[in-house]
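Each remark here refers to the structure printed beneath this line.
Keep in mind the model is a prediction, meaning the values are calculated, not measured.
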Amino acid sequence: MNINLNDLNPAQREAVTTTKGALMIIAGAGSGKTRVITYRAAYLIGHENVRPSEILALTFTNKAAGEMKERVEHLLGGGSTKGMWIGTFHSNFARLLRQHASQLGFTSNYSIYDQEDSNRLIKELMGELGINTQTLSPNTVQNVISSAKNKFILASQFASTARDYVEEQAAKVYLRYSERLQKNNALDFDDLLIKPIELFLQYPDLLEHYQHRFQYLMIDEYQDTNRAQYLVSKMLAAKHRNICVVGDDAQSIYSWRGADISNILNFQGDYPEAKTIRLEENYRSTKTILNLANAVIKHNKEQLKKKLFTQNEDGDFATLLVCEDERREADKIAQTIRNLKLMKGFQNSDFAIFYRTNAQSLALEDALRTNMIPYQIFGAVSFYKRKEIKDVVAYLRFILNTRDEESLRRIINFPARGIGETSLEKLRLLATEAQLSLYELICNAVRYDLPPRLVSSLNEFRMLVELLEEKSRNETAYEVVAELYRQTKLLELLKEENTADAKTRYDNLQEFLSFARRFSDENPDDPSLKAFVENIALVNETEEKNGDTNKVSMMTIHASKGLEFPVVFVTGLEEKLFPLNPDSQKELEEERRLFYVALTRAEKKLYISYAKNRYRFGNFQPTLKSRFIDELDAALVVTEDGKSLLDIRADEKERKRIVLDDDYAQEEQFTFSNRWKEQPAKKSVVPKPSAQSVSDAPAYKAGMKVAHKMFGTGRVVSVQGTGDEARVKVFFNRAGEKTLVVKFANLTVMDN
């Protein structure tokens, strides 16, 4: 059967017809990667007469596997792919292990534990080993064990590699965990990758059998493989060396979940005879967007060189939105969407808004709701629907209404206090018998025949509620939330957990704290907890009633990979946010690859934005423009008012010096928890300025520290004019950049 290759460009055609030996296909963004993989599988079967059963195709998602199988069958004219193993790493190797489970001491009907099952077992084992789950989180231990498995470090080996207390304790659990899985005839998801390696090492004849069967190996998204996936693939390909890997090192953005970019960077070292084919023609984006992406990624040292090009139109310049703070950033984006819909005829579904962290979605969601623009969040739930936010809001609701039993049940054991479902049910029955509310019973727990440990936990909870109730009567919503965080140690617990999920929850809680601060600052007439909680309730009510299906897409950049949209907004391009605190060149390069991925999702129009100030950790702080903006081709970027990117760079130079030199910026070197302990939440005291005339006003100079009655403290950026016309430009820590007439400014000079 002849497969029609006329729809392919020369590079794609070469990749499809190169069927013998090792092959690396470097597939740039939007270059038709899926088409090449499916054509290549069909070509092997239809033209090279390879039996489907001799092909093993490994993907990362079931969707990709299903799409590949469907397309191959279509290209074969409805021909069957029966016998061909197309699927994810996990599904294909689960299938293999079912056939050989007995050789590893399992039966073929073994269970596969999901993350929740594994976590529950680990928690139980920690109890058996006497490891305090309040001190060391089961989630942390689970993450350490999973990371070890992905690197193919077995339980018997891990103790010798442990580097600290956490890994030492995790090593003990890992040994017991492996034993218990065996006893339970169960595997976890990581086992589905490492057990085939163990099997092949123990039974070389079995490895040889599968090497002979799978003479052609194809791996999609090779840049996302971890150590275990790399090893098992290498073992299977060792005999015939007909291995084809497809990927793009410039889109390697998952190191936090075990992906190892060195697998693709070192492919030529593993297979010196390998042929490399670059798919560089992009079918998605305009020339402008591609040139911007090329300009950014060239700054990475660790990469496989390529340069995307397209036959598409030049397209519009990218637009840079420079905003005073994150609220104005969100408002500008919402207004831009409204204008483009009116003037260009775009639909809501044509727009996507990307952000580096989930926590950034709050201001954006608020702005879209205010402008009545329906939206949907990909890869995550709406900010107010996230578990940790719902938990904190439940605390705030209960502080205001201790008869709210639903909120009470949600928070009574959050964070963990040893008050489980069994204890809670017993308390509920006692309350019913005594004709008391559940909280009334808790307040009188000492009068009942309850275990001393439970009574102690209930008393601690009662005292926390009473403390927060008292605070809510006299202080702002921000101060109540800050006290809640401090008393429960929520942030410290998440930092200790040290998992990707914990980091996301930590960021969300920090953003919620900033939201409380912003609400308190912007509502001086009523900054109370009651008003704050009511505001949240109204937001949620609006959200529930929105049933439109034509929506703006919102997501983290990680969630955007593989997607494309006519108009893309990449937000929050500030140092310490994007890039997000890189500790090494390696981490910085991954952040840059993430920016590259964001840029190459856009088809027609690209917007990038940053805020000069942002609420962080409950404080309004100046920010610095991301270095990634400076890496863009300045000739292809304009501001919304038509300024060149070169003008923005010049304006930022002096501001950067001032921000870095300011005490406020220096304080950012401390962690939030340390700053909290050393400086409890309090209102800053601004020196009272005195009235002054031009004649007795000081000679202001750039860099001078000053205070203003309304705007707070800041530093002088520049001075213009003389006499009554004299003006001074000041960057204030809280209010941003302001130009004031010296005669009326009433600025007070402060010591540097």
Side-chain angles (χ1 to χ4, degrees), residues 1-5 7-8 12-25 33-101 103 108 192 196-197 199-200 203-222 225 229 232-247 271 273-275 277:
M1 177 186 297
N2 287 324
I3 304 298
N4 187 355
L5 304 181
D7 290 338
L8 306 178
Q12 291 174 332
R13 195 175 302 119
E14 183 182 11
V16 166
T17 57
T18 302
T19 58
K20 297 298 181 183
L23 173 64
M24 178 166 61
I25 303 173
K33 169 179 69 75
T34 304
R35 168 178 286 191
V36 169
I37 298 172
T38 52
Y39 266 84
R40 191 172 189 277
Y43 187 83
L44 283 169
I45 297 169
H47 188 274
E48 301 286 301
N49 297 318
V50 173
R51 290 192 294 270
S53 60
E54 293 176 333
I55 300 173
L56 173 63
L58 299 168
T59 68
F60 274 83
T61 67
N62 289 315
K63 180 183 177 182
E67 184 179 341
M68 182 176 177
K69 183 176 182 180
E70 184 179 315
R71 289 196 188 186
V72 171
E73 289 178 346
H74 175 74
L75 288 170
L76 292 173
S80 175
T81 57
K82 186 177 180 181
M84 181 178 174
W85 282 28
I86 308 178
T88 64
F89 277 89
H90 291 92
S91 64
N92 273 329
F93 290 127
R95 180 179 179 182
L96 184 150
L97 289 170
R98 292 281 181 200
Q99 299 177 28
H100 305 285
Q103 289 158 284
S108 60
L192 298 179
I197 302 174
L199 183 70
F200 293 153
Y203 300 97
D205 56 328
L206 201 57
L207 172 60
E208 189 174 354
H209 165 77
Y210 280 104
Q211 287 174 337
H212 178 73
R213 172 171 181 171
F214 297 128
Q215 296 188 29
Y216 294 87
L217 183 62
M218 292 200 297
I219 306 174
D220 190 17
E221 304 287 8
Y222 192 64
T225 54
Q229 291 163 328
V232 72
S233 304
K234 192 174 181 182
M235 293 172 86
L236 287 169
K239 185 177 180 67
H240 295 285
R241 300 178 77 82
N242 291 327
I243 179 172
C244 170
V245 300
V246 186
Y271 303 93
E273 77 282 12
K275 185 172 187 177
I277 298 174

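When all heavy atoms of A65 and G87 are compared, the pair lying nearest together is CB-CA, 3.6 Å. Considering every non-hydrogen atom in both P196 and V232, the closest pair reads CB-CG2, 4.1 Å. The shortest non-hydrogen separation linking H100 to L206 is CE1-CD1, 3.4 Å. Closest of all the heavy-atom pairs between Q211 and A238 is NE2-CB, 3.7 Å.
Distance alone, capped at 3.5 Å, is enough to place a donor-acceptor pair between the T225 side chain and the Y222 backbone. Judged by distance alone, with hydrogens and angles left aside, the side-chain atoms of R241 form no donor-acceptor pair with the main-chain N or O of G21 at under 3.5 Å. In this structure, the side chain of Y43 does not engage the main chain of L5 through any donor-acceptor pair within 3.5 Å.
Not counting sequence neighbours, the partners of D7 by the side-chain contact (heavy atoms from CB on, under 4.5 Å) test are R35, Y39. Scored by the salt bridge (Lys or Arg N to Asp or Glu O under 4.0 Å) test, K275 finds E14 as partners (sequence neighbours excluded). Under the ring-ring contact (aromatic ring centres under 6.0 Å, His included) criterion, Y216 pairs with no residue, sequence neighbours left out. Taking the side chain to side chain donor-acceptor pair (under 3.5 Å) definition, one finds that T88 meets it with S91, sequence neighbours left out. Listed by chain and residue number, nothing satisfies the side chain to side chain donor-acceptor pair (under 3.5 Å) test with E208 (two or more places apart in sequence, or in another chain). A search for side-chain contact (heavy atoms from CB on, under 4.5 Å) contacts involving A274 returns A22, F267, Q268, Y271, not counting sequence neighbours. Looking at residues two or more places apart in sequence or on another chain, you find a side chain to side chain donor-acceptor pair (under 3.5 Å) between R51 and E54. A41 meets the side-chain contact (heavy atoms from CB on, under 4.5 Å) test with M68, V72, M84, M218; sequence neighbours excluded. Every side-chain contact (heavy atoms from CB on, under 4.5 Å) that F214 has, sequence neighbours left out, goes to L56, W85, Y210. Taking the side chain to side chain donor-acceptor pair (under 3.5 Å) definition, one finds that K239 meets it with nothing, sequence neighbours left out.
Evaluation of the ring-ring contact (aromatic ring centres under 6.0 Å, His included) test over residues 49-72, restricted to residues two or more places apart or in two chains, returns F60-F89. Pairs of residues two or more places apart, or lying in two chains, that qualify as side-chain hydrogen bond (donor to acceptor under 3.5 Å, both in side chains) and include a residue from residues 57-70 are E67-R71.
Other residues, nucleotides and ligands place no more than 12 heavy atoms under 6.0 Å from the NE2 atom of H74.
Interatomic distance, H212 NE2 to L236 CG, rounded to the nearest 0.5 Å: 14.0 Å. The CD1 atom of I277 sits 10.5 Å away from atom CE of M24, with the distance rounded to the nearest 0.5 Å. Expressed to the nearest 0.5 Å, how far CG of L192 lies from CG of N92 amounts to 11.0 Å. Interatomic distance, L97 CG to Q103 CD, rounded to the nearest 0.5 Å: 10.5 Å. Distance CD1/I37 to CD1/I219: 11.0 Å, rounded to 0.5 Å. Between S233 atom OG and L58 atom CG the span is 6.0 Å, to the nearest 0.5 Å.
Contact of the V36 side chain with the V246 side chain is not registered, since no non-hydrogen atoms from C-beta on lie closer than 4.5 Å. Contact check for H240 versus L217: no side-chain heavy atoms found under the 4.5 Å cut-off. Annotation: side chain of S53 is in contact with side chain of R213 (closest heavy-atom distance under 4.5 Å).
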